[in-house]
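Inspection log for the structure reproduced underneath, given as structure tokens.
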There are 2 protein chains.
Amino acid sequence: MKPLVYADTREQPSNVPEILKSLGARVIFEALTVGDYIAARDCAVERKTLKDFVSSIFQARIFDQARRLLEVYSKPLIIVEGNLTEIFEKTNIQSRSIWGGLLALMLDIGVPVLFARDRYETAEIIFTLAKREQTEKKKAPVVRPKRKMWTLEQRQLYALMGLPNVGPEIAKRLLRKYETLRKVFAAPEHELWHIEGLGKKRAKKICELLDAIFEEKQFKE
Amino acid sequence: MKPLVYADTREQPSNVPEILKSLGARVIFEALTVGDYIAARDCAVERKTLKDFVSSIFQARIFDQARRLLEVYSKPLIIVEGNLTEIFEKTNIQSRSIWGGLLALMLDIGVPVLFARDRYETAEIIFTLAKREQTEKKKAPVVRPKRKMWTLEQRQLYALMGLPNVGPEIAKRLLRKYETLRKVFAAPEHELWHIEGLGKKRAKKICELLDAIFEEKQFKE
DNA sequence: ACGCCGCGCCTTTGA
DNA sequence: TCAAAGGCGCGGCGT
Ligand SMILES: [Mg+2]
Ligand SMILES: [Mg+2]
């Protein structure tokens, strides 16, 4: 059984498609709008060099990409090519930023990430994936757990953080005192002073915003 | 902010709990029935040495374990400690069987797997995970764009976008009708229906959030 | 929807 | 009033 893999034309120089062929896959080049390889109808792979991966975390590009991947394919996979240790040792990049990015991708968005040492491993993973996805199997359909339902508490805090000078801490104090968002938003200025962390000045700013009459600018910025 | 992590008592000899403490986490030992570490109410980590991981793939143990993990925790994570390359180089183990196992875990079962180079990295990942899961989120999956300079109008719209199903357009319509933020936040459910783009369902969701009593669900002992 | 750190403004507290 | 200390939001940084 010879698996079929669609490869984005821009992946040609990476040589991964060639290795895929040598492993026994049939490769068809095509201009893909999302993902770099398609291993089955519902299964796509985004390949990233480590450098690219890191910078795409910093620019938050990767999260949009992952979401789009998941919109189109129920079984997406990101393959990162390179050795994390080198990055940690040779640059000032904080390892925790990378862990955080990986955790956000996998746990919040729900797209798995796999590290490959080099192009050859990348190809081998894609080959294995294509083979198993294109083989008849009696597997139960994937039940993809719904990721990231925000808790009520978080949404309450988040709503308040839309106000100036209100972060997580102040938001918490406000809700502790007023119980519901509606009551917080109804609070008069002089009451807000009594919240620790809110003095006259900040209370005034908040109430000015709450009571400002809405005026639409005629011209777009 | 000092994250709290529950550690299975059997993990003590791994020294990971000690490292977690040194990173600034509070660690509580407990006999856990599933998983090795708990980083939040719905978030557990299974730690495996690479040798153990490989043999658990061949015995198919890992898949049941992963499924049980997912039954109890909506955000499970498997951390594999060790270097895959060494396994491939020093044993006869077929790399494809490992890739197959990893893909099955991540794509079929839906449990993410992350490789750590050593105990220290394992601890760092768990620490990062606990911290991010136990900290109030400042950013939302729904885009509330982060602007540098704010006009009054932008501020008003931004504040409303903290509500579910409210984006820039709905926010504008709400403010056109009610004039000030305070009045929008005071609006009763049946009035919100009349806003274009808000039906019974969305209005209800908004009001549920506005009137929900604040309860702090801390991840505590 | 990366984590960390530093700056500057504000508030709180005690003198 | 003033000074000091701490809380908090915000912006910049990293390859
Ligand atoms: Mg790519
Ligand atoms: Mg274990």
Side-chain angles (χ1 to χ4, degrees), chain A residues 48-71 76 78 80-113 146-150 154-155 157-158 160-174 192-206 209, chain B residues 1 3 23-25 43 75 112 114 121 124-150 155 158-159:
Chain A
K48 281 217 170 327
T49 63
L50 183 51
K51 255 187 65 180
D52 204 18
F53 179 69
V54 170
S55 74
S56 71
I57 288 180
F58 292 158
Q59 297 165 23
R61 263 187 301 124
I62 188 74
F63 305 109
D64 297 306
Q65 237 174 323
R67 242 183 315 147
R68 263 183 294 127
L69 213 52
L70 199 55
E71 273 167 22
I78 296 174
V80 180
E81 210 173 274
N83 188 345
L84 258 191
T85 305
E86 283 180 17
I87 290 275
F88 295 155
E89 284 173 355
K90 293 183 182 163
T91 72
N92 295 329
I93 292 173
Q94 310 227 2
S95 51
R96 289 190 198 174
S97 306
I98 305 301
W99 301 135
L102 284 164
L103 293 169
L105 280 171
M106 299 192 298
L107 292 174
D108 293 344
I109 299 179
V111 174
V113 182
K146 258 209 286 188
R147 297 290 179 189
K148 194 58 177 221
M149 286 288 286
W150 272 32
Q154 294 237 328
R155 272 178 300 158
L157 295 173
Y158 181 73
L160 279 181
M161 289 187 239
L163 300 177
N165 296 307
V166 177
E169 207 52 43
I170 305 264
K172 231 178 276 178
R173 292 176 197 162
L174 284 166
L192 290 181
W193 298 2
H194 299 128
I195 302 288
E196 192 187 326
L198 290 185
K200 190 180 169 183
K201 219 165 169 162
R202 288 177 174 175
K204 190 176 168 204
K205 261 180 86 174
I206 290 172
L209 179 68
Chain B
M1 187 271 180
L23 290 174
C43 182
K75 292 185 175 187
L114 197 47
E121 269 191 13
E124 207 180 26
I125 294 166
I126 296 173
F127 182 82
T128 308
L129 178 61
K131 195 162 181 183
R132 82 192 306 283
E133 293 298 323
Q134 291 170 39
T135 303
E136 304 76 8
K137 318 266 183 286
K138 177 70 188 180
K139 294 165 192 158
V142 280
V143 200
R144 190 153 80 163
K146 197 162 182 172
R147 291 243 183 279
K148 288 187 177 183
M149 288 292 296
W150 295 86
R155 276 247 174 240
Y158 182 79

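By convention in this document, chain letters (A, B, ...) are assigned in the order of the sequence lines, proteins followed by strands, and residues within each chain are numbered from 1.
Under 3.5 Å, the side chains of A/Q65 and A/S56 contain no donor-acceptor pair of N or O atoms. A donor atom on one side chain and an acceptor atom on the other are found under 3.5 Å apart for A/R61 and A/Q59.
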Can you give one letter per nucleotide of nucleotides 2-15 of chain C, going 5' to 3': B for a protein heavy atom under 4.0 Å from the base, S for sugar-phosphate only, - for none? BBS----BSSS---
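Scanning all heavy atoms of the two residues, the minimum distance from B/P3 to B/Q134 falls at CA-OE1, 3.5 Å. Across all non-hydrogen atoms, the minimal contact from A/P168 to A/M161 is N-SD, 3.8 Å.
Across the protein-nucleic acid pair, B/M1 atom CE and D/dG7 atom C1' stand 17 Å apart, rounded to whole Å.
At distances below 3.5 Å, at least one donor-acceptor pair connects side-chain atoms of B/K137 with backbone N or O atoms of B/R132.
Within the nucleic acid shown, A/P164 has no heavy atom closer than 4.0 Å to any nucleic acid atom.
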